Structure formats: C-alpha cells, structure tokens
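This report concerns only the one structure given below.
What's counted below: heavy atoms across the whole structure, side chains too, no hydrogens, waters or symmetry copies. Just so we're clear, the structure is a prediction, and the values are computed from it rather than from any experiment. One-based numbering along the sequence shown.
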Amino acid sequence: MLIKHLDRPGLVHENGLDAQRLLPWPELNAPFEGSWCVIAPGTASTPHAHHEYEIFIAVSGSAFLESEGTRVPFEKGDIVHFTPGTGHRVVNESGEDFEMYSVWWDLEMSERFSARHPEGAK
C-alpha cells in the first residue's frame, strides 16, 4: 500500500484554484491523472475546455458548476462528468473553501498504460 498525503502548504495556484497534482508519483501506474483542488471563497476556477474526459468529485463545501450556459449547484458527494471539448468552471460563492478531486484521461494515457502491460493489467 502506498499513500500520498495531501500537502496543504504546498498547494500550487493554477487555473484559478489551489491544487496538488496526483502525478508525478513514480510508483503509480494508472491510465489517468488527477488533482486535489481547493477553490477559495468568492473565487472561481478558470473557464476552460480540453481534449480529455474528466470527472469532478465534490469532497467538502458547496459551489456552482457552470458549463455550456448551464449553472447548477455542486455539493459534497456530487460527481460530474465532462466529455472532451465541454467548457466548464467551478464558482465558489460560499464563505468557506470548496474542495474537490478531479480525474482526467484520454486515449493516449490509456495507450501508454496498455503498452506498459502488454499481457494485460494484473
């Protein structure tokens, strides 16, 4: 068992939020990437779209998701999925941090994973 602990003081500000990326983690062999994300009160992540598939898992607090002209509540326990090319951002209008985990993947990541396991993942 390997545990990678959250390093709150080491969070990096990127894309309008504070984050700790899952990778690099040399021992981890996965067909995806991920990041712990904290959106401070009164702020929002940078609106963007990309070629990867992505899910957000709301861990604590409450915020709003904005995507393709739609705005919906996003709260602890919720999970959202974005397909490639879908614009999105998270808006935190509350008085506390909103925390979530983001996981993204694409065909290239899956192919690299498969190449490392030509006999199939065990």
Side-chain angles (χ1 to χ4, degrees):
M1 172 172 46
L2 297 171
I3 298 175
K4 187 168 191 174
H5 296 282
L6 179 61
D7 176 17
R8 285 192 186 275
L11 293 175
V12 175
H13 192 75
E14 60 182 2
N15 302 316
L17 51 82
D18 297 319
Q20 177 179 324
R21 290 191 176 243
L22 178 63
L23 299 173
W25 187 358
E27 302 87 359
L28 180 65
N29 180 20
F32 58 84
E33 295 183 16
S35 185
W36 182 268
C37 304
V38 179
I39 297 95
T43 69
S45 63
T46 305
H48 67 284
H50 40 72
H51 72 278
E52 297 97 350
Y53 293 86
E54 186 170 35
I55 62 170
F56 292 165
I57 303 163
V59 177
S60 69
S62 63
F64 291 94
L65 288 171
E66 294 181 351
S67 178
E68 307 293 314
T70 301
R71 179 179 165 103
V72 297
F74 190 46
E75 301 175 343
K76 178 181 176 178
D78 292 345
I79 300 173
V80 64
H81 173 250
F82 298 105
T83 55
T86 303
H88 55 278
R89 79 176 186 151
V90 179
V91 180
N92 183 358
E93 296 176 350
S94 78
E96 63 184 24
D97 285 345
F98 176 75
E99 302 192 24
M100 65 179 204
Y101 203 85
S102 171
V103 179
W104 60 92
W105 64 96
D106 64 11
L107 183 58
E108 183 180 325
M109 289 178 203
S110 298
E111 288 171 345
R112 285 194 312 260
F113 177 78
S114 295
R116 291 189 299 264
H117 297 280
E119 74 285 349
K122 294 182 181 180

Side chains of Val91 and Glu93 in contact at under 4.5 Å (non-hydrogen atoms): yes
Considering all heavy atoms, the nearest Ser62-Ser94 contact: O-OG, 3.8 Å
Side chain to side chain contact (heavy atoms under 4.5 Å, CB included) assessment of Leu6 paired with Gln20: CA-CA 7 Å; Leu6 179 61; Gln20 177 179 324; 3.3 Å; yes
Sequence-distant partners of Glu96, salt bridge (Lys or Arg N to Asp or Glu O under 4.0 Å), two or more places apart: none
Which residues share a salt bridge (Lys or Arg N to Asp or Glu O under 4.0 Å) with Glu14, sequence neighbours left out: Arg21
Under the side-chain hydrogen bond (donor to acceptor under 3.5 Å, both in side chains) test, residues paired with Trp105 that sit two or more places apart: none
Validation row: Pro84, Thr86 side chains within 4.5 angstrom (heavy atoms): no
Least distance between heavy atoms, Leu22 atom then Lys4 atom: O-NZ, 3.0 Å
Over 12 non-hydrogen atoms of neighbours within 6.0 angstrom of OH in Tyr53: no
Selection residues 18-50 - residue pairs positive for ring pair (Phe, Tyr, Trp, His ring centres under 6.0 Å), sequence neighbours left out: His48-His50, His48-His88, His50-His88
For the student: nearest non-hydrogen atoms of Ser110 and Pro31, plus distance: CA-CB, 4.1 Å
Partners meeting salt bridge (Lys or Arg N to Asp or Glu O under 4.0 Å) with Arg8 (sequence neighbours left out): Glu99
Same apolar cluster (I L V M F W Y, side chains within < 4.5 Å links), Leu11/Leu23: yes
Shared hydrophobic cluster for Leu2 and Val103 (ILVMFWY, side-chain gaps under 4.5 Å): yes
From NZ (Lys76) to CD1 (Ile57), nearest 0.5 Å: 14.0 Å
Between Glu54 and Ser102: side-chain donor-acceptor atoms closer than 3.5 Å: yes
Inter- and intrachain pairs under salt bridge (Lys or Arg N to Asp or Glu O under 4.0 Å), touching residues 82-92, at least two apart: Glu66-Arg89
Any residue meeting side-chain hydrogen bond (donor to acceptor under 3.5 Å, both in side chains) with Asp106, in chain and number order, not counting sequence neighbours: His51
Side chain to side chain contact (heavy atoms under 4.5 Å, CB included) partners of Ala49, counting only residues at least two apart: none
Phe82: hydrophobic cluster co-members (side-chain, 4.5 Å): Leu17, Ile39, Phe56, Leu65, Val72, Phe74, Val80, Val90, Phe98, Met100
Set of residues satisfying side-chain hydrogen bond (donor to acceptor under 3.5 Å, both in side chains) with respect to Ser67, sequence neighbours excluded: none
Asn29 side chain near Arg116 side chain, heavy-atom distance below 4.5 Å: yes
Test salt bridge (Lys or Arg N to Asp or Glu O under 4.0 Å) applied to Glu108 - qualifying residues, sequence neighbours left out: Arg112
side-chain hydrogen bond (donor to acceptor under 3.5 Å, both in side chains) partners of Asn15, counting only residues at least two apart: none
Path from Ile55 to Tyr101 over hydrophobic side-chain contacts below 4.5 Å: yes
Between NE2 on residue His81 and CD1 on residue Ile79, distance to nearest 0.5 Å: 11.5 Å
